[in-house]
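Take a look at the structure set out below.
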Amino acid sequence: MPKLNVNIDHVATIRQARGGVEPDPVAAAVLAELAGADGIVVHLREDRRHIQDRDLRLLRETVKTKLNMEMAATEEMVQIAKAVLPDMVTLVPEKRKELTTEGGLDVKGNYKNVSRTVRELKTSGLFVSLFIDPDHEQIKISKEAGAQMVELHTGNYSDAANEEEMETELDKIESAVHAAVKAGLRVAAGHGLDYTNTQYVAQFEDIEELNIGHSIVSRAVLVGMEKAVSDMLILCS
Ligand code: PXP
C-alpha cells in the first residue's frame with residue numbers, strides 16, 4: 001500500500017488569484033495531515049505562480065509528516081533547498097508557459113546539470129528524487145546521476161482516451177517500476193491521478209509513494225480537505 005503525499009500547490013493557486021492571504025496552504029497541510037496524509041508536496045516554481053517562499057519556510061516548520069519540495073534544477077532553487085532543508089527534493093522540468101509539469105525530466109539530455117544538482121543537494125544531506133517518464137533509459141541514467149528515488153510520471157496513463165490505452169500505459173508503469181527497483185532505486189509515482197484511476201497504480205507493491213494534488217484539492221473545495229484526503233486514502237489501500 002503506497003503512502004499518500006498531498007500536493008497543495010493549487011490551494012496557493014486560489015490564494016494567488018486575488019493576491020491575498022487565503023486560503024493558506026499551511027492550513028491545508030495541517031488538515032491533510034489530520035486526515036491521514038503521509039506527506040505534503042509543494043512545487044516552488046521559478047515564477048512563483050502558486051507556492052511562495054514564505055509557504056515553504058512555514059511548511060518546513062509545521063509539517064509533521066514529510067515535506068517534499070519539487071523544484072527545477074537551478075542554482076536559485078538549490079540554494080533555497082539547502083537553506084530550508086525539506087525532507088526530500090524532487091527535481092522536475094519547468095517551462096514558464098506550461099499549465100502544469102509536462103513530461104518527465106530528460107535526465108539523459110541534461111545529464112551534466114542534473115547530476116551536478118543531485119550531487120550538491122546530497123552533499124547537504126538532502127534525499128533526491130527525479131521525476132521521469134516510465135522509460136527504461138531514463139531510469140538507468142537517473143541511477144547514474146545519483147538519484148535515490150524516481151517518481152514515475154503517470155500523466156500519459158491519466159490522459160488515456162480509452163481502456164486499451166490505459167492498459168498499455170499501466171504496463172509501461174509496471175515495467176518501469178521493476179526496472180527502477182532492479183537498478184536500486186526507490187519508486188514513487190504521480191501526476192494526473194484522481195478518484196477513478198489511482199487504485200490501479202496503487203496496486204503495484206514497489207511503488208512506495210503516490211503524489212497527488214489537483215484532484216484532491218478540487219474535491220476539497222467542495223467537500224473539505226479531510227474528506228477529500230480520506231476518500232483518496234481508501235483508493236491507496
Ligand atoms: N508529481 C509531480 C512531480 C508534479 O509536478 C505534480 C504536479 O505538480 C504532481 C505529482 C501532482 O500532479 P496532480 O496535481 O496532477 O495530481
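In each ligand, atom 1 is the first atom listed, and ligand 1 is the first ligand listed. Just so you know, these numbers use all the heavy atoms, side chains as well, and skip hydrogens, waters and symmetry mates.
- Within the structure, the closest approach of Gly192 to ligand 1 falls below 4.0 Å when heavy atoms are considered.
- A salt bridge is defined here as a Lys NZ or Arg NE, NH1 or NH2 lying under 4.0 Å from an Asp or Glu carboxylate O, and Lys3 with Glu209 fails to meet this definition.
- Using a 4.0 Å cut-off between heavy atoms, His43 makes no contact with ligand 1 at all.
- Using a 4.0 Å cut-off between heavy atoms, Glu70 contacts ligand 1 through its side chain alone, with no backbone atom that close.
- Thr90 and Asn68 share a donor-acceptor pair across their side chains, judged by distance under 3.5 Å alone.
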Take Lys108 and Asp106, measure what salt bridge (charged side-chain N to carboxylate O under 4.0 Å, His left out) needs, and give me the verdict at the end.
-> CA-CA 5 Å; Lys108 188 177 179 206; Asp106 180 7; over 6 Å; no
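- Remark: ligand 1 atoms within the under-4.0 Å shell around heavy atoms of Val92 are 3 (C).
- Here ring-ring contact (aromatic ring centres under 6.0 Å, His included) pairs that include residues 45-81, with residues two or more places apart or in two chains, are His10-His50.
- Counting atoms of ligand 1 from 1 in the listed order, those under 4.0 Å from a heavy atom of Asn7 are 8 (O).
- Note: no N/O pair closer than 3.5 Å links Gly190 and ligand 1 by distance alone.
- Residue Glu151 has at least one nitrogen or oxygen atom sitting less than 3.5 Å from a nitrogen or oxygen atom of ligand 1, judged on distance alone.
- Residue Leu193 has no nitrogen or oxygen atom sitting less than 3.5 Å from a nitrogen or oxygen atom of ligand 1, judged on distance alone.
- Close approach to Ile212 involves these atoms of ligand 1, each under 4.0 Å from a residue heavy atom: 16 (O).
- For atom 14 (O) of ligand 1, the choice among His214, His10, His191 with the nearest heavy atom turns out to be His214.
- Within the 3.5 Å criterion, the main-chain N or O of Leu170 finds no donor-acceptor partner in the side chain of Glu174.
- With rounding to the nearest 0.5 angstrom, the CD1 atom of Ile139 is 11.5 Å from the NZ atom of Lys182.
- Of all the heavy atoms of His153, none lies under 4.0 Å from any atom of ligand 1, so neither backbone nor side chain is involved.
- Put simply, no part of Thr90 is less than 4.0 Å from ligand 1, judged by heavy atoms.
- Other residues sharing the hydrophobic cluster of Met149, ordered by chain and number and joined by side-chain separations under 4.5 Å: Met88, Phe127.
- Of all heavy-atom pairs spanning Val128 and Gln148, the tightest one is N-OE1, 2.7 Å.
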